[in-house]
Amino acid sequence: RDYKVTGVQTCALPIFPIFTLTVDPHNANVIWVGTRTARGLYKSVDQGKTYTEKTRGITEQNITFRGVTVDPNNESLIYAAAEVPSQEYAGVTIIGLSFGESKGVVYRSTDGGENWSAMWRGDALARYVLVDPRNSSVIFVSTGFFDVEAANADPKQMIGGGVGVVKSTDGGQTWRVLNQANGLTDLYIGSLAMNPGNPDNLLAGGSEQNGYSHGGQDSGVFVTFDGGETWRKG
């Protein structure tokens, strides 16, 4: 099947390295697609028949979108979580112990994707953005993945680095890092899920870095019942 992308010639969609796909919970006709390393963020309003690039305000050229989240209370408020590789921020490829190093960024749009601005930047890729359905000012972001090393890793000292989970309670104006002090012994959180019946209850899947690991003892599934203040391994 052929798809038309505005500004790009008609082509079979698999030619694009797709990394994330999200259906708007407010309108199933609206689909968001993020690509790998191609600065591509696309929106469809006709169930995927055509796509329009939506990257105004995104400053990086080499960026991989890892997740798109639509605010459960506001269809115009959208978050795009991404990976920024070392080629972008350092101008060269930086290889850590086993994999390339990357930083992360979360972009936000308040007008349905027409314009974007960065609301968080850190030393590990951003993967999932979760918004508390009771209060849109409460936002969680998971960071890290098992095959991408964090920019703050130190392979010479065998320090894996990482960030963990970051949380905002003021709509992204300020952020707190939830890490070892909160019980997350693994700072590469490859998965994050929220209990829709109790948003204070979250599950985090740790994907401890290969080579830096301690026999897997630091990784696992972590659970919190107080909005991320304390975590324990499940």
Side-chain angles (χ1 to χ4, degrees), residues 1-58 63-83 104-120 125-143 145 165-168 171-172 189-205 227:
R1 182 180 179 183
D2 285 343
Y3 292 79
K4 182 180 180 182
V5 180
T6 301
V8 181
Q9 65 182 13
T10 301
C11 56
L13 194 58
I15 196 173
F16 294 97
I18 303 301
F19 244 44
T20 184
L21 187 151
T22 298
V23 178
D24 188 332
H26 304 279
N27 182 353
N29 291 319
V30 177
I31 302 172
W32 285 94
V33 168
T35 68
R36 180 181 181 183
T37 68
R39 194 174 177 261
L41 191 58
Y42 298 92
K43 180 181 183 180
S44 173
V45 296
D46 53 13
Q47 298 183 333
K49 295 182 180 66
T50 61
Y51 286 86
T52 302
E53 185 175 4
K54 299 291 184 180
T55 55
R56 185 184 300 143
I58 295 172
I63 185 172
T64 292
F65 289 97
R66 291 275 183 166
V68 176
T69 298
V70 182
D71 185 290
N73 304 306
N74 183 352
E75 62 184 0
S76 296
L77 188 55
I78 306 165
Y79 302 93
E83 170 190 347
V105 61
V106 176
Y107 278 95
R108 175 176 57 189
S109 173
T110 60
D111 55 9
E114 296 304 313
N115 297 277
W116 298 88
S117 59
M119 63 184 303
W120 177 84
L125 66 85
R127 187 136 200 262
Y128 291 106
V129 179
L130 303 182
V131 180
D132 190 328
R134 304 165 303 183
N135 181 357
S136 292
S137 294
V138 178
I139 307 165
F140 296 86
V141 178
S142 69
T143 69
F145 202 61
V165 175
V166 294
K167 178 182 180 181
S168 176
I189 305 301
S191 297
L192 187 66
M194 179 183 287
N195 183 343
N198 177 12
D200 290 325
N201 174 207
L202 296 96
L203 291 173

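As the structure is a computational prediction, the values presented were derived from the model and not from experiment.
- For the pair V166 and F140, the minimum side-chain heavy-atom distance is 4.5 Å or more.
- For D111, there are no salt bridge (charged side-chain N to carboxylate O under 4.0 Å, His left out) partners at least two apart in sequence or on another chain.
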Subject >> Evaluation steps, side-chain contact (heavy atoms from CB on, under 4.5 Å), between W116 and I78 >> reply: CA-CA 9 Å; W116 298 88; I78 306 165; 3.7 Å; yes
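- Not counting sequence neighbours, D71 has no partner by the salt bridge (charged side-chain N to carboxylate O under 4.0 Å, His left out) test.
- Once rounded to the nearest 0.5 Å, the distance linking OG1 of T52 with CG of D46 reads 8.5 Å.
- Looking at every heavy atom in both residues, A81 comes nearest to V129 through CB-CG2, 3.9 Å.
- A heavy-atom distance below 4.5 Å is not found between the side chains of V138 and V131.
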Subject >> Pair E75-D24, side-chain contact (heavy atoms from CB on, under 4.5 Å): steps then yes or no >> reply: CA-CA 8 Å; E75 62 184 0; D24 188 332; 4.2 Å; yes
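- Counting heavy atoms from C-beta on, the side chains of L130 and L192 come closer than 4.5 Å.
- What you find for V68 and T22 is that their closest heavy atoms are O-OG1, 2.8 Å.
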Subject >> side-chain contact (heavy atoms from CB on, under 4.5 Å) between Y79 and M119, worked out >> reply: CA-CA 9 Å; Y79 302 93; M119 63 184 303; 3.4 Å; yes
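- Side-chain atoms of T35 do not come within 3.5 Å of backbone N or O of I18 as any donor-acceptor pair.
- A search for side-chain contact (heavy atoms from CB on, under 4.5 Å) contacts involving P133 returns P72, M194, P199, not counting sequence neighbours.
- Across Y51 and V33, no two heavy atoms sit closer than the pair CE2-CG2, 3.5 Å.
- A donor-acceptor pair under 3.5 Å is formed between the side chain of S142 and the backbone N or O of Y128.
- Considering every non-hydrogen atom in both N73 and S136, the closest pair reads ND2-OG, 2.9 Å.
- Across all their heavy atoms, Q47 and A28 have their closest contact at CG-O, 4.3 Å.
- A donor-acceptor pair is defined here as one N or O able to donate and one able to accept, closer than 3.5 Å; no such pair exists between the side chain of K54 and the backbone of G112.
- Annotation: cation-pi pair R66/F145 present, NZ/CZ under 6.0 Å from the ring centroid and within 45° of its normal.
- Residues L77 and R108 meet the side-chain proximity criterion, which asks for heavy atoms closer than 4.5 Å.
- Side chains of L41 and E53 form no contact here, defined as non-hydrogen atoms less than 4.5 Å apart.
- Looking at heavy atoms from C-beta onward, F65 lies out of side-chain contact with R36 at the 4.5 angstrom threshold.
- Between H26 and V70, some side-chain heavy-atom pair lies under the 4.5 Å cut-off.
- Between T37 and T64, the shortest heavy-atom distance links the atoms N-OG1, 2.8 Å.
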